[in-house]
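Residue numbers begin at 1 in each chain, while the letters A, B, ... track the order of the sequences. As the structure is a prediction and not an experimental result, all values here were calculated from the model.
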2 protein chains.
Amino acid sequence: MKITQEADYAIRIMIHLSTLGKGHIVDAATISENEGVTLRFTLKILRKLCKENFIRSHRGVNGGYSLLKNPDEMSLKDVIEVIDGHFAINKCLRDENACNLGRTATCNAHEALRDIQDLLVQEFDKVKFSQLINK
Amino acid sequence: MKITQEADYAIRIMIHLSTLGKGHIVDAATISENEGVTLRFTLKILRKLCKENFIRSHRGVNGGYSLLKNPDEMSLKDVIEVIDGHFAINKCLRDENACNLGRTATCNAHEALRDIQDLLVQEFDKVKFSQLINK
DNA sequence: TTAAATTGTACCAAAAAGGTATACTTTTAT
DNA sequence: ATAAAAGTATACCTTTTTGGTACAATTTAA
């Protein structure tokens, strides 16, 4: 019942970029040093964030990465999902066929879990990066 | 961000026992067959539930397991914690020293995550096994 | 006493997570 | 033009967690 370490790192990285502000370019090495994530792993995460258009990369000398979205339009949910995929607090909530008893439709626990999950996702989505920066 | 498969099984097992009612003895093999969990694994889970006094065991011929608690006094939270341990949606919420930057005290995300976790645990605790049985 | 049941410990294998390496390609300041 | 700075892509390796199994021992009703 944890977000992954990688998602934790992604949050740090996005806080870093959000603090600098939209459009400000910073290189991977600087992020890596400040956020305590190895350079290679930082790059891997940055690539995923690029792919989902949260940030963009700038190649060549003096290149780096910059924020594409507004901090108040990105939530913890958004960033966590980039790394960990869609939220699913039990496997039957990701895939109805995952239940080895094929009982999803009639399982009383299933409904309860789905309600909890919906609420959880909602809460993660309430937290925007604009709230997470020291300004 | 998932409960473990084992916790899922534990929930099934406790629903099974709750349906039979407090004090009713059923053997592990019957539970195993009905809930789609291998006998050995069922036994392992039952042992953990015993240790935490959710159920008790009856050894010898015609032995088995029976519920000790009232279904309306046991929640999903209770059973999940027996198997997965305390809820922690990020490692810094299980152990303050887990942050490799030692930043827990000043991390803005930390507070937000703690709030979400508290709410999550509350929701899991709201769901009692008495609601999960077909009666 | 014996068959049916649980107990406890230890072990094993598969999957997921975390992290690294290598060999590129692109960009751009000079 | 070109070399250095930067990102790209893919693949690999290691560790941890999870899921599951084995086996010998113990208990007890009949």
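For D/dG20, its base sits under 3.5 Å from the side chain of B/K44 at one donor and acceptor pair at least. With hydrogens and angles left out, the side chain of B/R59 and the base of D/dT26 share a donor-acceptor pair within 3.5 Å. Side chain B/R56 to base C/dT6: no donor-acceptor pair is found below 3.5 Å.
The side chain of B/D27 approaches C/dT6 more closely than any other nucleotide in the set C/dT6, C/dT28, C/dT7. Residue B/F41 has its side chain nearest to D/dT21 when only D/dA9, C/dT6, D/dT21 are considered. Taking every side-chain heavy atom of A/Y65 into account, D/dT8 is the closest of C/dT7, D/dT8, C/dG18.
A salt bridge does not link A/E52 with A/K48: none of the charged nitrogens is closer than 4.0 Å to a carboxylate oxygen. The existence of a salt bridge linking A/D8 and A/R12 is confirmed by a sub-4.0 Å separation between a basic side-chain nitrogen and an acidic carboxylate oxygen. A salt bridge between A/E111 and A/R114 is absent, with no side-chain N of the basic residue lying under 4.0 Å from a carboxylate O of the acidic one. At a threshold of 4.0 Å, the pair B/E96-B/R103 does not count as salt-bridged, since none of the basic side-chain nitrogens sits closer than that to a carboxylate oxygen. A salt bridge is absent between B/K44 and B/E6; no separation between the charged side-chain nitrogens and carboxylate oxygens falls under 4.0 Å.
Comparing A/R40 and A/N62 against DNA chain D, the residue whose closest nucleotide sits nearer the 5' end is A/N62. Comparing A/G60 and A/I3 by the nucleotide of DNA chain C that holds the closest heavy atom to each, the one mapping nearer the 5' end is A/I3.
Contact between the side-chain N/O atoms of A/S57 and the OP1/OP2 oxygens of D/dT8 is found at a separation under 4.0 Å. Dashed line: the shortest gap from a side-chain N or O of B/T38 to OP1 or OP2 of D/dT21 is under 4.0 Å. Note on A/Y9: every side-chain N or O is 4.0 Å or more away from OP1 and OP2 of C/dG18.
Atom pair B/I13:CD1 and D/dG19:P shows a separation of 13 Å (rounding to whole Å applied). The NZ-P distance, from B/K51 to C/dG8, rounds to 8 Å in whole Å. Rounded to whole angstrom, the span from the CG atom of A/L39 across to the P atom of C/dG18 amounts to 18 Å. For B/K91 and C/dA16, the NZ to C1' distance is 16 Å, given to the nearest whole Å. What separates CG of A/D84 from P of C/dG18 is a distance of 8 Å, to the nearest Å. Per the geometry, CD belonging to B/E6 stands 17 Å off P belonging to C/dA16, to the nearest Å. In this structure, A/I45 atom CD1 and D/dT8 atom C1' are separated by 16 Å, rounded to whole Å. Here C/dT20 presents its C1' atom at 12 Å from CG of A/L43, a figure rounded to the nearest Å.
Within the 4.0 angstrom heavy-atom criterion, only backbone atoms of the sugar-phosphate kind lie near B/A28; the bases stay farther away. At a threshold of 4.0 angstrom between heavy atoms, the contacts of A/G63 are confined to the sugar-phosphate backbone, with no base atom among them.
The closest side-chain heavy-atom distance from A/L39 to A/E33 is not below 4.5 Å.
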